[in-house]
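Reviewing the structure listed below.
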Amino acid sequence: MTKSSERAFAVQDYDLAATLASGQAFRWQPHQDSWVGIISGRWVKLRHQNNSIIAQVAEPVQEWAWLTHYLQMETDLAHILAGFPDDAAMRSAINACRGLRLLRQDPWECLASFILSSTKQIVQIQQIIALLCQRFGDLLPVPSGHEPARNFPSAARIALLAESELRDCKMGFRAPYLLAAARSIATGRLDLNRVADLPLAEARAELVQLPGVGPKIADCVLLFAYGFPSAFPVDVWVMKALRELYFPRGKPTRQKLLHFTETYFGQNAGYAQQYLFHYMRTRRPARG
DNA sequence: CTCCAGGCGCCTT
DNA sequence: AAGGCGCATGGA
């Protein structure tokens, strides 16, 4: 296998734009007909053409597993969709966004990003993260003619910062949370690699110990970084979707709804959640 | 100007 | 156990 800086990957049922802009990851930038982002410390430009995803990198590489893994290209989406409950809401959601995928992100970047997400809209989260990377991320090689790119700052790097430096990135009351999380990881008190091997409930318990990380943020990380297929982040959007789509006239307690999410959607509940969320977010104008 | 956003943690009942 | 409130910031 020779090194190359561009490669095409055959894919089916892959909506690259919906996936990269769906609120799972916050650093992807549209660039004409392409998307520019950073994966595993590599600048990469992606575009969807016919039945392929075409990837360009800054420096030739031999191995592309970092990319196929991140994009979860091997995932059989049709199989997952076939396992969803067969009801009107799910059918509408699938119709609205077939091809939407779950990414497999770096745990630290994903955790940090979602700590910064609380009570913020997606655009604002993107702004905060852009500032953080611009100030504290390392420069990465980019092809000539492209804007400079920086890595997401490591936990070790952020652990050495002062809270005021984080506040200056406009993250407000989330600054001490991010700092404490970074320090937990930098000192080894929490080992993010170990979380991958735990059962779901234990993995969740580990993450929730971090300040600023509650059940919702923990489940985002479990789903978008670790790939726990039944992790099910419940935020106000999903709660609204569940009430409107499944209990239009009842008034179930939050408790009952949470139980519903744990039992109704099957082993790929996380995927089902992403479809419902995306459907809710896109079917009405002027939101999100 | 006021309101509130894809939560969390803490303080009340 | 369940519900209310403050938290920073910026955009509608």
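Here is how names work: the chains are called A, B, and so on, in the same order as the sequence lines, proteins then strands, and each is numbered from 1.
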Pair A/F114, A/F26 - check ring pair (Phe, Tyr, Trp, His ring centres under 6.0 Å), show working. CA-CA 10 Å; A/F114 280 95; A/F26 301 98; 5.2 Å; yes
With heavy atoms under 4.0 Å as the rule, sort A/V238 into base, sugar-phosphate or nothing. nothing
With a non-hydrogen cut-off below 4.0 angstrom, is A/I217 in contact with a base, only sugar-phosphate, or nothing? sugar-phosphate
Between B/dG6 and C/dA2, how many Å separate the two C1' atoms, rounded to a whole number? 22 Å
Minimal heavy-atom distance between A/T19 and A/S22, with the atoms involved, is O-OG, 2.8 Å
Just call it for A/K170: base, sugar-phosphate, or nothing, with non-hydrogen atoms closer than 4.0 Å on any strand. sugar-phosphate
Cation-pi check for A/W66 against A/R42: NZ or CZ below 6.0 Å from the six-membered ring centre and within 45 degrees of the axis, yes or no? yes
Sugar-phosphate only, base, or nothing, as touched by A/G23 at under 4.0 Å among non-hydrogen atoms: base
Across the strands shown, which category fits A/L210 at heavy-atom distances under 4.0 angstrom: base, sugar-phosphate, nothing? sugar-phosphate
May I ask you to check whether over 12 heavy atoms, not counting those of A/H146, lie within 6.0 Å of atom NE2? yes
So A/P233, base contact, sugar-phosphate only, or nothing? Heavy-atom distance under 4.0 Å. nothing
Quick one: which protein N/O atoms are closer than 3.5 Å to N/O atoms of nucleotides 4-7 of chain C? Pair and distance per line, please.
none

Could you tell me whether A/Y275 and A/F265 have their ring centroids closer than 6.0 angstrom? no
Partner of C/dG10 by Watson-Crick or G-U wobble geometry, both contacts under 3.5 Å, or none? B/dC4
